[in-house]
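Encoded as structure tokens, the structure appears first; notes follow it.
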Amino acid sequence: MKAVQYVTPGEPVQVVDIPKPVPGPGQVLLKITAAGVCHSDIAVQRMPAERVAAMGLPLTLGHEPVGTIAEFGPGATGEFAVGDSVIVYGPWGCGNCLNCSEGYENYCSEAGRLGIQPPGLGSPGALAEYMIVDSIRHLVPIGDLDPVMAAPLADAALTPYHAIKSAVSKLGAGSTAVVIGVGGLGHLGIQILKALTPATVIGLDLSEEKLALAKRVGADHTLLSNADAVAAVKELTGGRGATAVFDFVGVQPAIDLAVQLTSVRGALVLVGVGGGTAQVGFGVTPYECSVMSPYWGTRQELVEVIELAQRGVLGVETTTYTLDEMPEVYAKFTRDEIVGRAVAVP
Ligand code: NAD
Ligand code: ZN
């Protein structure tokens with residue numbers, strides 16, 4: 001089967017031909033119908049060789065899988081049948097530790113020790129014709145949702161959903177939320193803020209094309225992401241600053257801006273993986289401001305996100321590509337040229 005793999009550190013991804021996998025005990029074989037492409041794959045491709053070696057190369061990328069069940073491995077049982085359309089919950093954990101027991105499988109404390117890695121981020125991922133899912137527990141039915149629209153929900157919606165839920169209690173009437181980076185995650189983040197809170201939403205990005213996307217998906221205001229945005233947000237918030245700032249970029253200029261935009265008793269939520277960091281401390285971050293760097297989300301939250309999509313509350317702007325086009329798609333990511341989400345259809 002065809003697969004998109006990161007083979008050699010520092011080199012572009014390759015489209016390769018590998019054997020179709022066979023599901024082992026408890027596993028499920030999915031025929032991939034759509035796979036979203038995430039900017040985190042660029043972070044993987046920029047990791048030092050020794051770090052990426054720990055994930056295991058060659059690595060089939062893709063952590064936003066939607067597919068139909070092709071085959072069950074021995075002993076894989078549950079309320080599913082061959083042909084069912086499902087989305088994969090990606091942050092696989094052990095299912096038994098304290099965090100997993102509480103539903104926070106994304107923060108499994110045993111995954112590292114047990115060698116459990118998410119699909120596309122260690123285990124073979126979704127940018128292929130078929131993919132192995134380690135457990136029935138990691139499947140969520142999507143019914144008749146369009147696979148192309150559904151695939152990005154696995155991460156580009158789940159991650160902002162989890163991040164926004166952590167700050168929702170602060171986002172009452174009269175509050176303001178800033179979204180920095182209106183890409184795959186950001187354009188869904190804006191819609192999730194609108195669905196879950198009465199906050200005024202301000203979208204920031206580097207180009208007018210991305211700001212137009214922010215407007216299309218419901219932002220009340222948009223601003224170019226530069227030093228002028230600090231005064232502009234102050235003006236829009238009566239001098240207070242934003243109640244919550246969600247950074248979906250992670251590079252140093254974006255994080256520096258995020259810190260300056262956040263209000264006293266606000267929330268600074270750093271989601272982007274761009275190598276930047278924030279200094280936190282008295283007199284540096286606003287008084288009593290919470291700071292979080294969340295990772296992905298819970299299975300329950302994925303179920304909720306699917307529900308929102310099925311009710312038409314969330315829409316994903318997608319452009320589809322073939323697996324052969326993936327090297328060019330990743331090149332576009334490095335130039336910030338992807339609008340909405342790129343989705344591979346094998
Ligand atoms: P994307 O490329 O689709 O979107 C990023 C957007 O940020 C683009 O629109 C780009 O124009 C914009 N941008 C770049 N520099 C900016 C700046 N200085 N100010 C404002 N906007 C700027 O990427 P994505 O797939 O949405 O991912 C966003 C980030 O979130 C990535 O760093 C990714 O690795 C990370 N991520 C984190 C998690 C997590 O669990 N914490 C999960 C998924 C993705
Ligand atoms: Zn991702």
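Whatever order the structure lists them in is the order used to number ligands and atoms, beginning at 1.
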For Ser225, atoms of ligand 1 separated by under 4.0 Å from a heavy atom: 17 (C), 19 (N), 20 (C)
Cys38, any N or O under 3.5 Å of ligand 1 N or O: no
Apply side-chain hydrogen bond (donor to acceptor under 3.5 Å, both in side chains) to the pair Tyr161 and Glu304, showing each step before the final yes or no. CA-CA 9 Å; Tyr161 189 77; Glu304 291 171 20; 2.5 Å; yes
At the 4.0 Å heavy-atom cut-off, does Pro294 count as touching ligand 1? yes
For ligand 1, is there an N or O atom under 3.5 Å from any N or O atom of Val273? yes
Pairs touching residues 37-61 that satisfy ring-ring contact (aromatic ring centres under 6.0 Å, His included), sequence neighbours left out: His39-Phe333
Take Asp256 and Gln252 through the side-chain hydrogen bond (donor to acceptor under 3.5 Å, both in side chains) test and state the conclusion after the steps. CA-CA 6 Å; Asp256 290 343; Gln252 199 58 52; 2.9 Å; yes
Take Phe246 and Ile164, measure what side chain to side chain contact (heavy atoms under 4.5 Å, CB included) needs, and give me the verdict at the end. CA-CA 8 Å; Phe246 300 91; Ile164 289 162; 3.8 Å; yes
Roughly how far apart are Tyr6 OH and Leu127 CG, rounded to 0.5 Å? 15.0 Å
Can I get a per-line list of side-chain donor-acceptor pairs under 3.5 Å for residues 310-319, giving both atom names and the distance, sequence neighbours left out?
{"from": "Gln310", "atom 1": "NE2", "to": "Ile142", "atom 2": "O", "distance (Å)": "3.2"}
{"from": "Arg311", "atom 1": "NE", "to": "Glu307", "atom 2": "OE2", "distance (Å)": "3.2"}
{"from": "Glu317", "atom 1": "OE1", "to": "Arg216", "atom 2": "NH2", "distance (Å)": "3.1"}
{"from": "Glu317", "atom 1": "OE2", "to": "Arg216", "atom 2": "NE", "distance (Å)": "2.7"}

Gly184-ligand 1 polar pair, N/O distance under 3.5 Å: yes
Any N or O on Arg341 sitting closer than 3.5 Å to an N or O of ligand 1? yes
Quick check: closest heavy atoms across Asp247 and Ala254, and the distance to 0.1 Å? OD1-CB, 3.6 Å
State the CE-CG distance between Met55 and Leu121, to the nearest 0.5 angstrom. 5.0 Å
Heavy atoms only: which of Leu211, Val269, Thr159, Val339 is nearest to atom 38 (C) of ligand 1? Thr159
For Ile338, which part has a heavy atom under 4.0 Å from ligand 1: side chain, backbone, both, or neither? neither
Within a reach of under 6.0 Å around CD of Glu209, are more than 12 heavy atoms found that belong to other residues, nucleotides or ligands? no
Looking only at N/O atoms, are Ala43 and ligand 1 under 3.5 Å apart anywhere? no
Indicate yes or no: does an N/O atom of Gly272 lie under 3.5 Å from an N/O atom of ligand 1? no
Any nitrogen or oxygen of Val271, side chain or backbone, less than 3.5 Å from one on ligand 1? yes
How long is the gap from NZ on Lys210 to OG on Ser225, to the nearest 0.5 Å? 11.5 Å
Ignoring hydrogens and angles, state whether a donor on the side chain of Gln117 or Ser123 is under 3.5 Å from an acceptor on the partner side chain. no
Can you tell me which portion of Asp205 lies within the under-4.0 Å heavy-atom range of ligand 1? Options are side chain, backbone, both, or neither. both
Honestly, for Leu185 the part within reach of ligand 1 (heavy atoms, under 4.0 Å) is both
Between NZ on residue Lys194 and CD1 on residue Ile192, distance to nearest 0.5 Å: 14.0 Å
If we set the cut-off at 4.0 Å for heavy atoms, which region of Ser207 has an atom near ligand 1: side chain, backbone, both, or neither? neither
Ignoring waters, protein N/O/S atoms under 2.8 Å from the Zn ion (ligand 2) are Cys38 SG, His63 NE2, Asp155 OD2
According to ring-ring contact (aromatic ring centres under 6.0 Å, His included), does anything in residues 250-296 pair up with another residue at least two apart or in another chain? List the pairs. His63-Trp296, Phe282-Tyr287
Polar atom proximity, Lys210 to ligand 1 (N or O, under 3.5 Å): yes
